[in-house]
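Notes follow the structure.
Each chain gets a letter, A, B and so on, in the order the sequences are listed, and its residues count up from 1. Computed from a predicted structure; not experimentally measured.
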There are 2 protein chains.
Amino acid sequence: MATLKDLSKHLGLSVTQVSRAINDHADVSQKTKERVREAAKELGYAVNRSARSLVTGKSGMVILIRPGALSGPADMSVLETISGLSGEFHKRGMQFLLNIMPPGTDPMPVYQSAATSGSFDGFVLIDTRRDDPRVALLTEMGVPFVVHGRSDPAADHNYYDIDNHQVAYTHAKNLLALGHTRIALLNGPRGYAYSEYRLQGYQKALEEAGVSFDPALLVSEQMTEGNGMIATARLFEDKVHRPTALICGNILLAKGAYTALGAMEYRIPEDVSVVSHDDVLHNIRGSAFYPALTVSRSPFANSWSHLAEILCNAIQNPTAPPHQHVAEVEFIERASTGPAPK
Amino acid sequence: MATLKDLSKHLGLSVTQVSRAINDHADVSQKTKERVREAAKELGYAVNRSARSLVTGKSGMVILIRPGALSGPADMSVLETISGLSGEFHKRGMQFLLNIMPPGTDPMPVYQSAATSGSFDGFVLIDTRRDDPRVALLTEMGVPFVVHGRSDPAADHNYYDIDNHQVAYTHAKNLLALGHTRIALLNGPRGYAYSEYRLQGYQKALEEAGVSFDPALLVSEQMTEGNGMIATARLFEDKVHRPTALICGNILLAKGAYTALGAMEYRIPEDVSVVSHDDVLHNIRGSAFYPALTVSRSPFANSWSHLAEILCNAIQNPTAPPHQHVAEVEFIERASTGPAPK
DNA sequence: GACGCAATCCGAAACGTTTCGGATTTATGG
DNA sequence: CCATAAATCCGAAACGTTTCGGATTGCGTC
């Protein structure tokens, strides 16, 4: 474990200058920077992060805290999330830390103590809920954080989000234009920001078209293939009041819906139109559906670099105004939509 | 950010004594410990880990480094791994850190620099290969680490492993006893420690029975459902020299094998016997197969606590001899095995 | 009252880095 | 050769904790 002092002795320089050389400061000559770099390699020097943290007050680490319940396939995306974020923070010279709480732990004390410990320069929040208490806590404590999603429409914190309102609004609008009036929404669970926004967009479109909202056409469940299947089966129980169109919250739900519709011998799009939002999830592609699925898309994978960038900036400049980004959504019409049946 | 000095002033004690109180040392009275605890809560004191690390030389963090390639379903178990380990280390007061390398990165320099940085008290190694170079590196650098699996039969490092030799040996032995001689092994990719051991166990059993090893009956691929299907289809291409029994490396392979056998109209176990090793993976249970699958089992999930325990001990006592644990394997005979067909 | 022992306490140094303020050297132009 | 500015360099303090060695107190015993 070579230290700066070792290097300085070895080179006949002051510790100060060696430190500045290593951190590439302006007032050290090219030549000495070179010499220092070489000596560092030779002696196997690596900066002691604890010592640096102690004086700078920054640890170079950001953390993501997650409940530990493994709820099956829904957790696939978590893996993408953490590997995406880990990579992006790594690029920016930060360590990304994952803290998985034991199942059943109350998260707030965990956030509280992580924030007071001062060991972390920033937090990443995912699975955001409306009026998420974590946002309130971290804001109050003055710790930098970035949110995947918005905790409320007028949020004044850093976030990266997709336009979930728009997603559902446009899908519904399109289907209404095709003459559909009984449009079911297979949504995520209540309380999550994304599902609430989607519900609002959906309701807005209905309202604009003068179609009244029917709670029986709203499903709020974990967005898995199995739930898509089951929800669809139930929606079509009553053949008379069945929906003529389905808006699916993600492509897993859509896959389940396709299976159920097939089993019940409904044709897509002649009998039922199906559309979905597509995060581009683990290799399931809407274009490979038969008939090919009409989707809105906004790749999940794009968000990691934005989230990392936003958080790193917030850490470097804590007084800057919040950075907020709502990503574009792209609509791709394929073969799963058609005019409403008589 | 309250510090020890703040506390000491507030209490009229020395910094020394406050520190010792907080760390629950012996030579501070119950009464003052109580007072200190209270004041700490009141002032919102949390120990500064950087400062502590600086003097103790320990960071309280262990790290797992992983390549970033997301190879689909095979990565499901990674999620179990990291959440399992994260939880177990958390219990023991350690932070578990996950470092995901960008795809295509050469791992050795990453291990090298992580080890020299001194920021981590220990390493967890998974996906072990025979004569794994990471083991050599960390051993040489004298950094504590624990391996999931063994890098070689006479390894002198800390590890937790299951008896993979035994797994394949016993399965093969049982099938041989039923009269099978053409027994295929659907194994994991070459090079990984577990698959090499299994291959050896398989060969040993054959040898003991005087059956010669046929390379055409060995498949070495990623253990996914798809590969199980394809490998089985190919193994049965030649109806005359087809195998009469299949040993599957995990339950996904077995599932694929069942599908393929069903499609080719082979009956289990009348025409083909199938056995598998079962790590107890993401809710796929061998008992739910039809016919119910004969398996060896050794729950994956048991290993996290062992690995964490072993590593924490190694960190606290670096000179202790390596701790090595080979877990029991349980054999459960169900309905997928029978005598060899004529 | 003196002694010894245990129970508590304390001052100071150390860990390895960054940074502030100033000092020294080197080049530049007259 | 001098004055000035720019380019390099340096000493010392500070960050918050742990720990070493020793100091103080209280208490029971003779």
Exercise. Contact class for B:Ser50 (heavy atom, under 4.0 Å): base, sugar-phosphate, or nothing?
Worked result: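 No contact.
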For this session: For A:Ser53, report the nucleic acid contact type (base, sugar-phosphate, nothing); a contact means any heavy atom under 4.0 Å.
Result: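 If one applies the 4.0 Å heavy-atom cut-off, A:Ser53 turns out to touch nothing in the nucleic acid.
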For this session: For B:Arg49, look at atom CZ and say whether over 12 heavy atoms of other residues, nucleotides or ligands are found less than 6.0 Å away.
Result: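 For B:Arg49, atom CZ is not crowded (no more than 12 foreign heavy atoms under 6.0 Å).
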For this session: Take atom CG of B:Asp156 as the centre, draw a 6.0 Å sphere, and report whether it contains more than 12 heavy atoms from other residues, nucleotides or ligands.
Result: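 Open.
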Exercise. With a 3.5 Å cut-off and no angle check, do the side chains of B:Thr319 and B:Asn317 form a donor-acceptor pair?
Worked result: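 Yes.
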Can you list everything that forms a side chain to side chain contact (heavy atoms under 4.5 Å, CB included) with [X]? Sequence neighbours excluded, please.
{"X": "B:His90", "result": "A:Asn99"}
{"X": "B:Gln30", "result": "B:Lys33, B:Arg37"}
{"X": "B:Asn302", "result": "B:Tyr160, B:Pro299"}
{"X": "A:Pro318", "result": "none"}

For this session: If the plane angle is over 60° it's perpendicular, under 30° parallel, otherwise tilted; pick one for B:His306 and B:His325.
Result: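 Answer is tilted, since the angle falls between 30° and 60°.
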Problem set entry | Side-chain ion pair, B:Arg129 and B:Glu196, N-O less than 4.0 Å |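 Salt bridge absent between B:Arg129 and B:Glu196.
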For this session: Using the heavy-atom set of chain B and a strict 4.0 Å cut-off, write down the first and last nucleotide of DNA chain C that makes it in, 5' to 3'.
Result: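 Listed 5' to 3', the contact boundaries are C:dT8 to C:dG16.
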Exercise. What's the verdict on salt bridge (charged side-chain N to carboxylate O under 4.0 Å, His left out) for A:Lys31 and A:Glu34, showing C-alpha distance, side-chain angles and the deciding distance?
Worked result: CA-CA 5 Å; A:Lys31 200 172 43 181; A:Glu34 202 48 58; over 6 Å; no
Exercise. Any side-chain heavy atom of B:Met108 sitting closer than 4.5 Å to one from B:Pro133?
Worked result: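 They are in contact (side-chain heavy atoms under 4.5 Å apart), so the answer is yes.
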Close N or O pairs between protein and nucleotides 4-6 of chain D (under 3.5 Å):
none

Exercise. Contacts to DNA chain D from residues 4-11 of chain A, heavy-atom cutoff under 4.0 Å, which residues?
Worked result: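 Hits under 4.0 Å, by residue number: none.
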Problem set entry | Residues that B:Arg52 engages under side-chain hydrogen bond (donor to acceptor under 3.5 Å, both in side chains), provided they are two or more places apart |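 Expected list: B:Asn23.
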Exercise. What residues form a ring pair (Phe, Tyr, Trp, His ring centres under 6.0 Å) with B:His323, not counting sequence neighbours?
Worked result: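 Once residues adjacent in sequence are excluded, B:His323 has no partner under the ring pair (Phe, Tyr, Trp, His ring centres under 6.0 Å) criterion.
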Problem set entry | Any residue meeting ring pair (Phe, Tyr, Trp, His ring centres under 6.0 Å) with A:Tyr159, in chain and number order, not counting sequence neighbours |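 So A:Tyr159 forms a ring pair (Phe, Tyr, Trp, His ring centres under 6.0 Å) with A:His157.
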For this session: Scan residues 14-29 of chain B against DNA chain C and write down, sorted by residue number, each residue with any heavy atom closer than 4.0 Å; if none is found, say none.
Result: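 Heavy-atom cutoff 4.0 Å gives B:Ser14, B:Thr16, B:Gln17, B:Asp27, B:Val28, B:Ser29.
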Problem set entry | Minimum heavy-atom distance between A:Val36 and A:Ala21, given as atom pair plus value |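 A:Val36 and A:Ala21 have their closest heavy atoms at CG2-CB, 3.8 Å.
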Problem set entry | Rounded distance (Å) that lies between atom C1' of D:dT8 and atom CG of A:Leu13 |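 About 10 Å, once rounded to whole Å.
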Exercise. Roughly how bent is the helix from C:dG1-D:dC30 to C:dG30-D:dC1 end to end, in steps of 10 degrees, with each end axis from five pairs?
Worked result: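 Answer rounded to 10°: the end axes differ by 50°.
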